[in-house]
Protein chains: 2
Amino acid sequence: MERTPPHPEKEQFDLQRVLEALVDPVRRSIVTQLDAAGEDIACGAFDIAVSKSTATHHFKVLREAGLIRQHYVGTSRMNALRRTEMDQAFPGLLDAITPRVAEAGANVASAARDTVSARRLQSQGIAAAGEQAPDPGGVSRQLDGPVVRRS
Amino acid sequence: MERTPPHPEKEQFDLQRVLEALVDPVRRSIVTQLDAAGEDIACGAFDIAVSKSTATHHFKVLREAGLIRQHYVGTSRMNALRRTEMDQAFPGLLDAITPRVAEAGANVASAARDTVSARRLQSQGIAAAGEQAPDPGGVSRQLDGPVVRRS
DNA sequence: ACGGAAGTACGACTATCATCGAACTTTGAT
DNA sequence: ATCAAAGTTCGATGATAGTCGTACTTCCGT
């Protein structure tokens, strides 16, 4: 491999694609973790509750939307948030969906209140990664095997 | 009827729900038109290329996400953008997805570049409402009959 | 050279959702 | 009273996208 996968240019960023990428809780979680870390993170080092193949899919969607930049380091694929470029393309967007850490007198209902919305998560058996999710099933960080799909 | 449908409180706004509402091009177009108009608009007065029943569905999703407020005036259902509340709940979000009208020296790639993404639109036979969409099919504003679905 | 680690690719399965038409309701004119 | 306008509700349908497992590829130690 070695050859870095295709990344869109900043000028080619498409709002529709970006939103489609960000609407998925798992992908938004990836973006959030990258934003919080402030440094590159390997695909396998994320706290997400999906199988490897599914994770690959999510990273691909994020990359094609221009949200992350990927490059290899050994067998590991590192991911970096394309903060600056995204901010230039769609000012305020990442800030809006990134959990705020309690903003002084500001409203409480920020992205921090994003409980990773149990709704679709429950219906698909996804364990809420970080946040304050109730996590009724007790699952929260599987090692290798993906999430059990009830029903 | 008369009785106004259920609207979520500002404190109940959920990022996941809001994003799911905004990811649809038709719904985002509705929000955009409301934002541009600055005043209430009746359901039937929007420039969207879907049938009435589908439109009803979209308005419901927007309302349940807290993006719009609906109330009856005669047989017409008026829609208002809940700008202030949304801005308090998720600062910058609406600004980020609302087409900017060329912002001085700022980057060009703003939400204005959202060509309503032909991608899924084409695949579903949706006519791009406003914007600068190519609109290959020539359809752009159906009176009553909805969009033809090719294949 | 071998084996494991880290991902990717591919095909299959499901659930969701945008869409429509037809039937129904409500309201305001005529 | 009647009618039309404006929406809603109710299935049905079709496409998309998230998910998984298996098989395959690459790279790095040992």
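Per chain, numbering begins at 1; letters A, B, ... match sequence-line order. It should be emphasised that the depicted structure is a prediction, and the values quoted were computed from it without experimental measurement.
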Q. B:Lys60 has an atom NZ; how far is it from atom P of C:dT19, in whole Å?
A. 15 Å
**Q.** Reported CZ-to-CD1 distance for the pair B:Arg28 and B:Ile97, which is rounded to 0.5 angstrom
**A.** 6.5 Å
Q) Taking atom P of D:dT16 as reference, at what distance in whole Å does atom CZ of A:Arg17 sit? A) 14 Å
Q: Report yes or no: do B:Ser51 and B:Thr54 form a side-chain donor-acceptor pair below 3.5 Å?
A: yes
(Q) Testing the 3.5 Å rule here: is there a donor-acceptor pair between the side chains of B:His71 and B:Asp40? (A) yes
Q | Euclidean distance, atom CZ of residue B:Phe59 to atom C1' of D:dT9 [Å, nearest integer] | A | 17 Å
Q: Name the residue closer to the 5' end of DNA chain D, choosing between A:Gly74 and A:Arg27 according to the nucleotide with the nearest heavy atom.
A: A:Arg27
Q. What's the NZ-C1' distance between B:Lys52 and C:dT26, to the nearest Å?
A. 12 Å
Q: With heavy atoms under 4.0 Å as the rule, sort A:Ala42 into base, sugar-phosphate or nothing.
A: sugar-phosphate
Q) So what does B:His57 hit on the nucleic acid, given a heavy-atom distance under 4.0 Å: a base, only sugar-phosphate, or nothing? A) base
Q: Report the distance from atom CD of B:Glu64 to atom C1' of C:dC17, rounded to the nearest whole Å.
A: 14 Å
Q) Strictly by modelled atom types, are B:Arg69 and B:His7 linked by a side-chain donor-acceptor pair under 3.5 Å? A) no
Q: Specify the separation, in whole Å, of atom OH of B:Tyr72 and atom P of D:dA5.
A: 17 Å
Q) So what does B:Ser76 touch, heavy atoms closer than 4.0 Å: a base, only the sugar-phosphate, or nothing? A) sugar-phosphate
Q: For A:Thr54 and for B:Thr56, locate the closest nucleotide of DNA chain D by heavy-atom distance; then report the residue assigned to the nucleotide nearer the 5' terminus.
A: B:Thr56
Q) Between atom NE2 in A:His58 and atom P in C:dA9, what is the gap in whole Å? A) 16 Å
Q.
Measure CG/B:Leu62 against P/C:dC17 and give the value in whole Å, please.
A. 14 Å
(Q) Nearest heavy atom decides the nucleotide; on that basis, is A:Ser53 or A:Thr75 closer to the 5' end of DNA chain C? (A) A:Thr75
Q. Within the distance-only criterion (no hydrogens, no angle test), does the side chain of A:Gln16 pair as donor or acceptor with the backbone N or O of B:Val23 below 3.5 angstrom?
A. yes
